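Computed over heavy atoms, backbone and side chain alike; hydrogens, waters and symmetry mates excluded. Please read all numbers here as calculations on a predicted model, not as lab measurements. Sequence lines set the chain letters: A, B, ... in the order given, protein chains first and strands last, and positions in each chain run from 1.
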Amino acid sequence: MRCFLLFFFFFLGSSMHVTRPPAHHCGTDHKDFSDKKHRDKDKLKHKDGSSDKPRDKDKHKDKEKRKDEKKSFEGKIKKENGFASPPRIKSEPDGDDFYHSPKSLKRERDDDDSDYKPKKIKVENDREDKKAKRKMVDDEDIKPKKKTKDKKGAVADGKKKAKKEPEEKWKWWEEERYTDGVKWKFLEHKGPVFAPPYDPLPSNVKFYYDGKHMKLSPNAEEVATFFAKMLDHDYTTKDIFRKNFFKDWRKEMTSEEKGKITDLNKCNFSEMSDYFKAQSEARKAMSKEEKQKIKEENERLLQEYGFCIMDNHRERIANFRIEPPGLFRGRGDHPKMGMLKRRIRPEDIIINCSKDSKHPAPPPGTKWKELRHDNKVTWLVSWTENIQGSIKYIMLNPSSRIKGEKDWQKYETARRLKKCVDRLRNQYRDDWKSKEMKIRQRAVALYFIDKLALRAGNEKEEGETADTVGCCSLRVEHINLYPEKDGQEYVVEFDFLGKDSIRYYNKVPVEKRVFKNLQLFMENKQPEDDLFDRLNTSILNKHLQELMDGLTAKVFRTYNASITLQQQLKELTTSDDNVPAKILSYNRANRAVAILCNHQRAPPKTFEKSMQNLQTKIDAKRDQLSDAKRELKSAKADAKVRRDEKTKKAVETKKKAVQRIEEQLMKLEVQATDREENKQIALGTSKLNYLDPRISVAWCKKWGIPVEKIYNKTQREKFAWAIDMADDDFEF
DNA sequence: AGTAGCACTTAGCAGGGCCCAG
DNA sequence: CTGGGCCCTGCTAAGTGCTACT
């Protein structure tokens with residue numbers, strides 16, 4: 001199984017396995033998705049055990065028409081984030097966040113909170129509570145919390161004190177956890193920060209329709225500016241985007257405007273666009289002082305709204321700003337691209353906090369949609385977004401206890417899988433032979449999830465999102481079978497769009513039984529039929545749950561990612577390598593995981609250039625080295641002849657110089673290799689989400705590498721628990 | 001078993017700040 | 001001291017998985 005990963009690894013640098021579709025490749029050669037076939041949602045009933053064959057050739061799905069010519073994958077399209085208006089500083093201290101003016105305490109809270117007493121906030125960690133450091137040994141799962149009572153170290157009038165930076169970080173991982181779904185006992189926060197209100201365009205910035213100037217109503221104008229800001233992007237040329245935008249825009253127009261503006265092609269937004277470009281230039285050109293002022297204002301906002309108090313500790317909130325309105329841009333071929341993402345008002349907001357906390361006040365003259373006190377959830381604020389109707393949340397930062405505990409637990413589950421994975425693998429291999437179709441499909445799907453680290457693949461509502469799949473939702477058209485290819489037997493070729501419409505392309509030799517099963521699953525099916533027609537994630541996860549407590553499909557990804565890192569580190573680290581070389585080894589191990597998990601990125605726009613620059617540097621260094629070597633040689637010769645102290649010393653100096661330059665050269669070369677190999681691979685995602693940080697910490701400790709070389713500040717905050725608890729002998 | 005809703009994790013990208021070489 | 005490029009951070013979309021209900 002694992003040799004497969006090595007196979008992956010050896011391809012690094014030369015030919016990538018997993019290729020990325022052309023990044024921007026829209027418009028012209030892109031077929032549109034207008035004609036749909038009919039798809040019958042009903043799955044045929046199958047009597048368990050009655051037959052091995054799926055008999056659903058008649059199953060037709062109405063789905064988006066796919067390319068008939070080889071798949072032409074629409075790559076990821078650059079996302080536009082730039083809706084946010086420039087940070088503005090108002091002269092009045094309370095100006096910009098009028099929404100949060102502390103006056104108007106129109107709170108709708110219970111009377112009994114009027115005598116609210118600030119909770120004691122723990123500011124620093126007491127030494128005395130250094131109860132037996134809770135080391136995670138193999139199976140030991142995190143113990144539930146009995147009682148949270150924090151009697152020690154609390155500072156009177158914690159409210160004030162809590163604003164100060166704690167001198168010592170709180171080690172929540174040395175405390176007991178809550179049981180049965182309670183997430184916190186006390187929660188207080190200031191609510192969200194709303195997007196700044198729309199700032200109308202100056203009158204000299206004009207909009208033209210059909211060549212004629214037209215003054216737009218504020219609402220229509222605002223939506224027009226969203227479009228104008230995106231004009232440089234390819235997707236404003238896409239039909240679906242334009243169609244969706246225009247439809248939503250018209251909803252914002254006055255009836256008079258609606259009557260006039262009937263064709264988007266006759267709209268001229270260029271003055272608006274130029275205006276925003278100029279604004280952005282002006283922002284860049286601001287003086288130091290102005291920039292400083294903005295920075296300070298942001299800091300003030302952060303201090304006020306960016307933290308909450310949860311169970312006596314001041315914790316950082318991840319996203320305390322409400323998403324500003326703008327045009328929705330999904331990823332890949334999203335049917336809703338271009339739709340208007342509406343502005344969120346206080347009336348849309350649900351606040352979650354403790355009953356006995358000081359409730360956040362809605363902006364003057366407004367009300368929250370709801371104020372609730374649910375300590376079985378972790379979010380502080382939520383609202384329903386208008387594009388998909390899904391709920392958005394404000395939650396805590398990854399450095400918080402509540403996120404950290406969960407993260408830790410995730411890796412403990414993966415470590416438990418490690419202990420029974422052999423059993424499980426034998427089980428699914430057996431199941432390949434089952435007489436029940438459903439079981440065979442389940443077993444083959446599980447094999448893919450395990451071997452290839454595929455995602456589970458939940459069903460998605462058609463037409464609501466881009467057409468992407470995971471393991472359980474693979475369709476016949478996503479794989480090709482080759483009894484023999486490139487000298488290997490039983491090769492399966494995968495080619496599909498996964499999460500975020502990232503293409504997964506891979507050719508994998510599989511076991512004969514798997515191959516035969518796949519042929520069976522594909523018999524009498526149309527390309528657009530489900531490969532695993534008797535399977536979904538719910539069935540799969542139910543099965544996994546029976547095999548191991550807490551086991552779900554995604555645990556395999558975590559497990560395989562982490563175990564791969566550990567193995568690769570073991571294999572690649574050479575003890576007499578210097579620090580940069582060791583770090584290269586780490587990055588390569590990390591990269592093996594990123595490839596396994598198919599974590600891709602668009603090659604940086606400046607890649608070629610910066611690579612060239614680096615090469616120039618390397619060449620220069622090489623010249624410098626040969627010069628230095630020549631000098632050393634002549635110094636040696638000189639010393640041989642003269643045999644005096646002075647020349648001897650000169651030789652030593654030259655030697656040192658050569659050494660230093662060699663080291664520098666090597667460092668540059670390592671850098672070049674690393675960067676080249678990393679061209680279209682993103683290491684961050686696996687590092688942040690799949691790799692047990694204790695593996696990395698242990699590796700750092702073992703080889704004397706400072707953790708700072710592996711984790712930046714944010715990452716160190718997120719992984720504080722691991723940095724604190726992992727010793728050099730940690731085994732995943 | 002299927003489905004909808006909810007909560008929470010995982011994902012890539014853009015923009016800006018910061019750092020370092022020249 | 002300055003300009004270019006790299007890295008970090010914020011942003012928010014897009015997944016997974018659980019639960020309640022039918």
Side-chain angles (χ1 to χ4, degrees), chain A residues 20 23 41-43 45 75-84 87 181 183 233 280 283-284 291 294-295 298 302 306 318-324 326 328-332 334 336-337 341 352 374 376-379 382 384-385 387-393 395-398 402-403 406-407 410 455-461 464-466 468-473 498-502 536-542 544-545 550-555 557-558 597-602 604-607 609-611 613-614 617 671 675 680 682-686 688-690 712-715:
Chain A
R20 193 186 176 81
K41 282 243 162 190
D42 299 343
K43 310 228 155 155
K45 282 275 177 331
K76 310 191 33 131
I77 286 151
K78 275 185 292 174
K79 190 185 90 189
E80 167 73 316
N81 268 345
F83 304 127
K183 303 291 168 59
H233 278 99
S280 126
R283 222 175 313 137
K284 276 183 214 151
K291 282 185 177 169
I294 289 171
K295 222 175 143 184
N298 281 333
L302 172 69
N319 54 326
F320 56 92
R321 288 168 201 272
I322 301 266
E323 296 171 18
F328 176 81
R329 175 61 184 116
R331 305 191 182 156
H334 199 115
K336 300 197 173 184
M337 64 170 82
K341 198 168 97 165
N352 192 33
D374 182 357
K376 298 277 204 296
V377 296
T378 67
W379 53 267
S382 75
T384 302
E385 153 267 357
I387 304 288
Q388 325 265 3
S390 66
I391 307 173
K392 300 267 191 169
Y393 302 93
M395 292 183 187
L396 297 194
N397 198 64
I402 213 157
K403 293 286 183 193
K406 200 80 187 293
D407 207 36
K410 174 181 78 187
R455 294 187 185 81
N458 282 311
E459 302 89 305
K460 312 165 71 185
E461 212 172 325
E464 297 292 305
T465 59
T468 63
V469 297
C471 186
C472 294
S473 49
K499 181 176 178 178
D500 291 326
S501 294
I502 296 284
N536 60 39
T537 54
S538 156
I539 294 169
L540 179 63
N541 281 334
K542 207 165 274 168
L544 292 175
Q545 179 59 43
L551 187 61
T552 62
K554 85 196 258 289
V555 178
R557 247 168 107 80
T558 312
C597 294
N598 201 36
H599 290 142
Q600 300 189 37
R601 63 165 183 173
K605 284 185 205 78
T606 54
F607 186 84
K609 209 172 99 197
S610 81
M611 214 57 211
N613 289 352
L614 193 57
K617 265 195 211 165
Q671 204 186 340
R675 198 183 298 173
Q680 35 182 207
L683 300 186
T685 306
S686 50
L688 234 47
N689 300 300
Y690 289 103
N712 69 32
K713 188 164 159 287
T714 321
Q715 295 167 159

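Between A/R557 and C/dG17, a side-chain N or O to OP1/OP2 separation shorter than 4.0 Å is absent. Taking only side-chain nitrogens and oxygens, A/N541 comes nearer than 4.0 Å to OP1 or OP2 of C/dG17. For A/Q600 and B/dG12, the shortest distance from a side-chain N or O to OP1 or OP2 is not below 4.0 Å. When the side-chain nitrogen and oxygen atoms of A/Y690 are compared with OP1 and OP2 of B/dA11, one or more of them lie within a distance under 4.0 Å. The side chain of A/K392 contributes no N or O atom lying less than 4.0 Å from OP1 or OP2 of B/dA7. One finds no side-chain N or O of A/K406 lying less than 4.0 angstrom from the OP1 or OP2 phosphate oxygen of B/dA7. An OP1 or OP2 oxygen of B/dT10 is reached within less than 4.0 angstrom by a side-chain nitrogen or oxygen of A/K554. An OP1 or OP2 oxygen of C/dA14 is reached within less than 4.0 angstrom by no side-chain nitrogen or oxygen of A/S501. Taking only side-chain nitrogens and oxygens, A/R455 never comes nearer than 4.0 Å to OP1 or OP2 of C/dA14. Taking only side-chain nitrogens and oxygens, A/N712 comes nearer than 4.0 Å to OP1 or OP2 of C/dC8. Under 4.0 angstrom from either OP1 or OP2 of B/dA7 there lies no side-chain N or O belonging to A/T378. Here A/H334 does not reach the OP1 or OP2 of C/dA13: none of its side-chain N or O atoms lies under 4.0 Å away. When the side-chain nitrogen and oxygen atoms of A/R675 are compared with OP1 and OP2 of C/dC6, one or more of them lie within a distance under 4.0 Å. Considering only side-chain N and O atoms, A/N458 lies under 4.0 angstrom from the phosphate OP1 or OP2 of C/dT16.
Put simply, CE on A/M611 is 17 Å from C1' on C/dG4, counting in whole angstrom units. As rounded to whole Å, 17 Å separates atom P of C/dG10 from atom CD1 of A/I322. Atom pair A/L544:CG and C/dG17:P shows a separation of 9 Å (rounding to whole Å applied). Residue A/M395 contributes atom CE, which lies 8 Å from atom P of B/dA7 at whole-angstrom precision. Rounded to whole Å, the distance from NE2 on A/H599 to P on B/dT10 is 9 Å.
Closest non-hydrogen pair, A/S501 versus A/G332, comes out as OG-CA, 3.4 Å. When all heavy atoms are compared, the tightest approach of A/I402 to A/L396 is CG2-CD1, 4.1 Å.
Between the side chain of A/N689 and the backbone N or O of A/T685 there is at least one donor-acceptor pair closer than 3.5 Å. A donor-acceptor contact shorter than 3.5 Å is absent between the side chain of A/D500 and the backbone of A/I502. A donor-acceptor pair is defined here as one N or O able to donate and one able to accept, closer than 3.5 Å; no such pair exists between the side chain of A/K336 and the backbone of A/F328.
Proximity note for A/K183 (side chain, C-beta onward) versus B/dC8, B/dA11, B/dC13: the nearest is B/dC8. Between C/dC8, B/dA7, C/dC11, one nucleotide has an atom nearer to the side chain of A/T714 than all others, and that is C/dC8. Distance from the side chain of A/P324 is smallest to C/dT12 among C/dT12, C/dG17, B/dA7. Side-chain proximity of A/N689 to the nucleotides B/dT10, C/dG5, B/dG2 is greatest for B/dT10. Comparing atom distances between the A/D500 side chain and each of B/dC18, C/dA14, B/dC13 picks out C/dA14 as nearest. For A/N319, the listed nucleotide lying nearest its side chain is C/dT12; candidates were C/dT12, B/dG12, B/dC13. The side chain of A/T552 lies closest to C/dC18, out of C/dC18, C/dG5, B/dA21. Distances were taken from every side-chain heavy atom of A/K284 (C-beta onward) to each of B/dC6, C/dA14, B/dG16; the shortest belongs to B/dG16. Here the side chain of A/F328 is nearest to one of C/dA13, B/dG16, C/dT9, namely C/dA13. Here B/dG12 is the nucleotide among C/dC11, B/dG12, C/dG15 with the atom lying nearest to any side-chain atom of A/T685.
Here A/K336 lies out of heavy-atom contact (under 4.0 Å) with every strand. Contact annotation for A/G498: backbone-only contact, meaning every heavy-atom pair under 4.0 Å involves sugar-phosphate atoms and none involves a base. Residue contacts for A/A318: at a heavy-atom cut-off of 4.0 Å it reaches no nucleic acid atom on any strand shown. Residue contacts for A/Q388: at a heavy-atom cut-off of 4.0 Å it reaches the sugar-phosphate backbone alone, with no base atom in range. When heavy atoms are screened at a 4.0 angstrom cut-off, A/T537 is found touching no nucleic acid atom at all. When heavy atoms are screened at a 4.0 angstrom cut-off, A/G684 is found touching no nucleic acid atom at all.
A donor and an acceptor atom never sit less than 3.5 Å apart when one is taken from the side chain of A/K410 and the other from the base of B/dT9.
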- Query: side-chain contact (heavy atoms from CB on, under 4.5 Å) between A/K392 and A/I322: does it pass, once the steps are laid out?
  - Reply: CA-CA 9 Å; A/K392 300 267 191 169; A/I322 301 266; over 6 Å; no

- Message: Let's go through A/K460 and A/T468 carefully: what are the C-alpha distance in whole Å and the side-chain angles of both, what is the deciding distance for side chain to side chain donor-acceptor pair (under 3.5 Å) to 0.1 Å, and is it a yes or a no?
- Response: CA-CA 9 Å; A/K460 312 165 71 185; A/T468 63; 2.6 Å; yes

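Each of A/K403 and A/N536 was matched to the nucleotide of DNA chain B holding its nearest heavy atom; the match closer to the 5' end belongs to A/N536.
Other residues, nucleotides and ligands contribute over 12 non-hydrogen atoms within 6.0 Å of the NZ atom of A/K291.
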